[in-house]
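Everything on this sheet refers to the single structure shown next.
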Amino acid sequence: MSTTPPISRFAAPELADLPADVRERILAVQEKAGFVPNVFLVLARRPEEFRAFVGYHDALMEKDAGLTKAEREMIVVATSGLNECQYCVVAHGAILRIRAKNPLIADQLATNYRKADVTPRQRAMLDFAVKVSQRAQEIEEADYTALRAQGFGDEDIWDIASISAFFAMSNRIANAFTMRPNDEFFLMGRVPRK
């Protein structure tokens, strides 16, 4: 009898029962990562929502222009820490450690981004992202001025806000569904690969 907790409050579907495109996407992630992140299995129970979620995620997180991929992950980890989302802090913390080539940064950001080893530019980015995540109704012109003073353009600012807002939704889904991070994420990017 297994003592491993379930990956979610809701049962994950069997891969064989999923539409071909959803199954292929999950198998591609498994081949790249070496395991299937639980979020894919949980969300796959509703294929249309899975497609929309993954599509928007990729549109925001996989761009090669503007913010770096590590900066995008910084936003996710800092805001997810404040939203107390264990799944996103652990999973995206692993991705951040790898993309930033820094084994410390994810823990720093998830605990208190204001004390993290980041540049003034990244601090301005995170201040704005956190405000979007926690108090978007308070955004005002001064917030945009602070970002522009650090060299962020309109497209960057749009990305910062959109990533923060998307993951605020994701954090709430993960928390509501009791989504468990894969054990594999905990060690990723903490020690150099051999």
Run the numbers on Thr79 and Ser164 for side-chain contact (heavy atoms from CB on, under 4.5 Å), then give the verdict. CA-CA 7 Å; Thr79 59; Ser164 181; 3.8 Å; yes
Show, in sequence, the C-alpha distance, side-chain angles and deciding distance for Glu49 and Leu43, and conclude whether the side-chain contact (heavy atoms from CB on, under 4.5 Å) test is met. CA-CA 7 Å; Glu49 292 173 32; Leu43 295 180; over 6 Å; no
Determine, stepwise, if the pair Val90 / Phe186 fulfils side-chain contact (heavy atoms from CB on, under 4.5 Å). CA-CA 6 Å; Val90 172; Phe186 287 91; 3.8 Å; yes
Before giving the answer on side-chain contact (heavy atoms from CB on, under 4.5 Å), spell out for Phe40 and Phe50 the whole-Å C-alpha distance, their side-chain angles and the decisive distance to 0.1 Å. CA-CA 8 Å; Phe40 283 87; Phe50 173 92; 3.5 Å; yes
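Salt bridge status for Arg148 with Glu141: present, with a side-chain N to carboxylate O gap under 4.0 Å. Using a cut-off of 4.0 Å between Lys/Arg side-chain N and Asp/Glu carboxylate O, Lys131 and Asp127 are scored as not salt-bridged. Electrostatic pairing of Asp58 and Arg25 counts as a salt bridge here, judged by a charged N lying under 4.0 Å from a carboxylate O. With respect to Lys69 and Glu62, a salt bridge is recorded, a charged nitrogen being found less than 4.0 Å from a carboxylate O. One finds a salt bridge joining Arg121 and Glu71 here, because a Lys/Arg side-chain nitrogen approaches an Asp/Glu carboxylate oxygen to under 4.0 Å. A salt bridge is defined here as a Lys NZ or Arg NE, NH1 or NH2 lying under 4.0 Å from an Asp or Glu carboxylate O, and Arg190 with Asp107 meets this definition. A salt bridge does not link Arg23 with Asp17: none of the charged nitrogens is closer than 4.0 Å to a carboxylate oxygen.
In this structure, the ring-ring contact (aromatic ring centres under 6.0 Å, His included) partners of Phe166, at least two apart in sequence or on a different chain, are Phe53, Tyr56. Residues that satisfy the side chain to side chain donor-acceptor pair (under 3.5 Å) test with Glu184, not counting sequence neighbours, are absent from this structure.
Between the Ser8 side chain and the Thr178 main chain, no donor and acceptor come within less than 3.5 Å of each other. Within the 3.5 Å criterion, the main-chain N or O of Leu41 finds no donor-acceptor partner in the side chain of Arg45. Using a distance-only test at 3.5 Å, with no hydrogens or angles considered, no donor-acceptor pair links the side chain of Asp159 to the main chain of Leu67. Although no hydrogens or angles enter the test, the distance criterion places no donor-acceptor pair under 3.5 Å between the side chain of Glu31 and the main chain of Ala28. Looking at Arg72, its side chain never comes within 3.5 Å of a backbone N or O of Ile163 through a donor-acceptor pair. Tyr113 contributes no side-chain N or O that, together with a main-chain N or O of Arg123, makes up a donor-acceptor pair within less than 3.5 Å. The backbone N or O of Arg180 lies less than 3.5 Å from a partner atom in the side chain of Asn38, making a donor-acceptor pair. Between the side chain of Gln108 and the backbone N or O of Asp117 there is at least one donor-acceptor pair closer than 3.5 Å.
Each of Val89 and Val130 belongs to its own hydrophobic cluster when Ile, Leu, Val, Met, Phe, Trp and Tyr are linked at side-chain heavy-atom distances under 4.5 angstrom. Hydrophobic clustering of Ile, Leu, Val, Met, Phe, Trp and Tyr side chains at less than 4.5 Å, counting indirect connections, keeps Leu109 apart from Leu104. Both Ile139 and Phe152 are members of a single hydrophobic cluster when ILVMFWY side chains are connected at heavy-atom separations under 4.5 Å. Linking ILVMFWY residues whenever their side-chain heavy atoms come closer than 4.5 Å, directly or via other members, leaves Trp158 and Leu126 in distinct clusters.
Closest of all the heavy-atom pairs between Ala176 and Arg9 is O-NE, 4.0 Å. Summarising the geometry of Leu18 relative to Ala44, their closest heavy-atom pair is CD2-O, 3.4 Å, with the distance given to 0.1 Å. In terms of heavy-atom proximity, Ile105 sits nearest to Asn102 at N-OD1, 3.2 Å. In terms of heavy atoms, Asp143 sits closest to Glu140 at OD2-N, 2.7 Å. Annotation for Ile7 and Ala12: closest pair CD1-CB, 3.9 Å, computed over non-hydrogen atoms.
Proximity of Val76 to Ile95: side-chain heavy atoms (C-beta onward) are nowhere separated by under 4.5 Å. By the 4.5 Å heavy-atom criterion applied to side chains, Leu147 and Gln150 are not counted as neighbours. A 4.5 Å side-chain heavy-atom check between Asn171 and Tyr87 finds every atom pair outside the cut-off. Contact of the Arg51 side chain with the Glu48 side chain is registered, since non-hydrogen atoms from C-beta on lie closer than 4.5 Å. Val29 has its side chain out of reach of Ile26: every pair of non-hydrogen atoms, C-beta onward, lies at least 4.5 Å apart. Looking only at side-chain heavy atoms (C-beta outward), Ile157 and Tyr144 come within less than 4.5 Å of each other. The shortest side-chain heavy-atom distance between Val132 and Ile160 does not fall under the 4.5 Å cut-off.
Side-chain contact, Glu84 with Asn175: no donor N or O sits under 3.5 Å from an acceptor N or O. In this model, a donor atom of one side chain and an acceptor atom of the other lie less than 3.5 Å apart for Ser133 and Asn83.
In the displayed structure, Glu138 atom CD is contacted under 6.0 Å by more than 12 heavy atoms of other residues, nucleotides or ligands. The 12-atom threshold is not exceeded at CD of Glu155, counting heavy atoms of other residues, nucleotides or ligands nearer than 6.0 Å.
Here the two rings, on His92 and Phe167, have centers that are under 6.0 Å apart. Checked against the 6.0 Å centroid threshold, Phe185 and Phe35 count as a close aromatic pair.
Put simply, CE on Met188 and CD1 on Ile98 are 3.5 Å apart, with the number rounded to the nearest 0.5 Å. Here Arg99 contributes atom CZ and Leu96 contributes atom CG; the two are 9.5 Å apart, rounded to the nearest 0.5 Å.
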